[in-house]
Amino acid sequence: MKVNEPIPVTRDVDHGTAKLMPDVDRERAWLLTVDGAPQSYVDLDEPEHLEFEYARRLGHVLDIVAEARRPLDVLHLGGGALTLPRYLAATRPGSRQDVVEADRGLLDLVGEHLPLSEGAGIALHAADARAWLESAPVQSADVLVADVFGGSRVPAHLTSVTYARETARVLRGEGVYLANLADAAPFDFLRSQLATFAEVFEELMLIAEPAVLRGRRFGNAVLVAAHHPIDTPALARRTASDAFPARVEHGPALRKFIGGARPVRDEDAVPSPVPPDGAFGIG
């Protein structure tokens, strides 16, 4: 072993067992898992590097929501290893960001081993995502990013129309909501989420790999919602150029995908489906 070579860190946190594993190919890059499920990948020397495919798709949207380098006020529901907050601090310096993570132990682990750079403009809060959202000021965010998983499932209380209305209340008029979701055919959960946000927002888009949309495998999909049109061609070009290209669905094609799905009410809300074995696991 080389002198000062990073070693894995394992710690019981509030909601499972977290592990930080160094990437042998990148000097100061780390993979965070919780109970074996990959949660985040961070390169401390190159925060603009987004390793996970879904994170790159979120990054593509963040790149086009405003002119390059313009600072944004961003609320992140779900923290992980703070991949996207670090990305925005690097690509949009001066942004003000709040990160809400329910697992205080996880926040402590990340802060200890993967510290934020000084002056990053990122404030961390140990709290339930919906409770924090409901107390957030009106029109206080340009972007709201939801990447919340209890284990490997989106919690039920972050899937309803009431929750969607809270996101709209916190966003400014030109604001954008982004969510990382996961599902597989017949897409009961994903369709219901699109129907739910269609109750509140005029514009919707869905970004996913064609194999996922065709029902060939379980996978991530990024939901984008806004009250105004988003530059779909620019987003489609970016997602199509990835190593694992994705498709942007919107307009009539997306309405066809939603079909007869109904919006989710609080009393009917359920978590996202349990991923099949190996869907997000690592060897």
Side-chain angles (χ1 to χ4, degrees), residues 6-23 28-52 54-55 58-59 62 72-92 95-137 140-141 143-158 163 166-167 170 178-180 271 280 282:
I7 60 174
V9 177
T10 301
R11 182 182 298 176
D12 289 335
V13 292
D14 297 358
H15 301 296
T17 299
K19 180 179 284 189
L20 287 171
M21 292 179 288
D23 186 338
R28 296 181 69 223
W30 296 81
L31 172 69
L32 168 68
T33 68
V34 177
D35 291 339
Q39 299 288 324
S40 302
Y41 180 101
V42 167
D43 188 329
L44 298 178
D45 290 332
E46 191 181 345
E48 300 96 329
H49 175 74
L50 299 176
E51 180 77 8
F52 290 173
Y54 85 84
L58 290 167
L62 293 171
L72 298 172
D73 293 335
V74 184
L75 173 58
H76 301 264
L77 303 181
L82 311 176
T83 303
L84 285 173
R86 298 175 203 264
Y87 177 82
L88 278 167
T91 60
R92 295 183 178 276
S95 293
R96 296 182 299 180
Q97 302 186 72
D98 286 292
V99 179
V100 181
E101 168 59 58
D103 195 320
R104 182 181 295 276
L106 183 60
L107 281 179
D108 291 342
L109 173 68
V110 170
E112 179 181 342
H113 291 277
L114 308 177
L116 293 165
S117 59
E118 187 175 348
I122 301 170
L124 307 181
H125 312 276
D128 174 77
R130 180 152 161 184
W132 177 274
L133 183 67
E134 290 172 347
S135 67
S140 55
V143 180
L144 197 164
V145 182
D147 188 9
V148 184
F149 283 79
S152 53
R153 306 178 73 185
V154 177
H157 68 308
L158 304 182
Y163 163 75
E166 284 298 315
T167 68
V170 170
L178 308 177
N180 176 33
F280 299 128
I282 56 175

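Just the heavy atoms: all of them, side chains too, but no hydrogens, waters or symmetry mates, feed the values below. Being a predicted model, the structure only gives us computed values, none of them experimental.
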- Query: How about V148 and P155: do any of their side-chain heavy atoms sit closer than 4.5 Å?
  - Reply: yes
Residues A18 and L32: closest non-hydrogen pair is CB-CD1, 4.2 Å
| message | We want to know whether H76 and D147 form a side-chain donor-acceptor pair, criterion being a heavy-atom distance below 3.5 angstrom. | response | no
Any donor-acceptor pair under 3.5 Å linking the side chain of D12 with the backbone of T17? no
Those residues at least two apart in sequence (or on a different chain) that pass side-chain contact (heavy atoms from CB on, under 4.5 Å) with S117 are A120
- Item | Any side-chain heavy-atom pair of L109 and L107 under 4.5 Å | no
Scanning both residues in full, the closest heavy-atom pair of L31 with P38 reads CD1-CB, 4.3 Å
Residues 111-121 vs salt bridge (charged side-chain N to carboxylate O under 4.0 Å, His left out), sequence neighbours excluded, gives R11-E112
The reported gap from CG in L62 to CG in L50 (rounded to nearest 0.5 angstrom) is 9.0 Å
Partner of L75 under side chain to side chain contact (heavy atoms under 4.5 Å, CB included), picked from L133, V145, T167, is L133
With a sphere of 6.0 Å drawn around CZ of R153, does it hold more than 12 non-hydrogen atoms of other residues, nucleotides or ligands?
yes
Between A129 and V100 the two heavy atoms that sit nearest each other are CA-CG1, 4.0 Å
With a 3.5 Å distance limit and no angle check, can you tell me whether E101 reaches the backbone of G79 through a side-chain donor-acceptor pair? yes
The side-chain contact (heavy atoms from CB on, under 4.5 Å) partners of L72 (sequence neighbours excluded) come to V65, A66, R70, V74, R92, S95, D142, V143
Are H15 and L106 close enough that some pair of their side-chain heavy atoms sits under 4.5 Å apart? no
For residues 39-46, please give each side-chain donor-acceptor pair under 3.5 Å, one per line with the distance, not counting sequence neighbours.
from, atom 1, to, atom 2, distance (Å)
Q39, NE2, G151, O, 3.4
S40, OG, A81, N, 3.0
Y41, OH, D23, OD2, 2.6
D43, OD1, D45, N, 2.9
D43, OD1, E46, N, 3.2
D43, OD2, R26, NE, 2.8
D43, OD2, R26, NH2, 3.0
D45, OD1, R28, NH1, 2.7
E46, OE1, R26, NH2, 2.7

inquiry  = Between R104 and D14, does any side-chain N to carboxylate O distance fall below 4.0 Å?
reply    = no
Contacts of P8 meeting side-chain contact (heavy atoms from CB on, under 4.5 Å) (sequence neighbours excluded), chain-then-number -> M21, P22
- Task: I would like to know whether V99 and I122 meet side chain to side chain contact (heavy atoms under 4.5 Å, CB included); could you show each step before the answer?
- Result: CA-CA 7 Å; V99 179; I122 301 170; 3.8 Å; yes
Taking every heavy atom of V110 against every heavy atom of G80, the minimum-distance pair comes out as CG2-O, 3.5 Å
- Any donor and acceptor pair, going by atom type alone, linking the side chain of D35 with main-chain N or O of G16 inside 3.5 Å? no
If we only count heavy atoms from C-beta on, is the L84 to L58 side-chain gap below 4.5 Å? yes
Check: L158 main-chain N/O paired with R130 side-chain donor or acceptor under 3.5 Å: no
Quick note, side-chain hydrogen bond (donor to acceptor under 3.5 Å, both in side chains) partners involving residues 77-91, not counting sequence neighbours, are D63-Y87
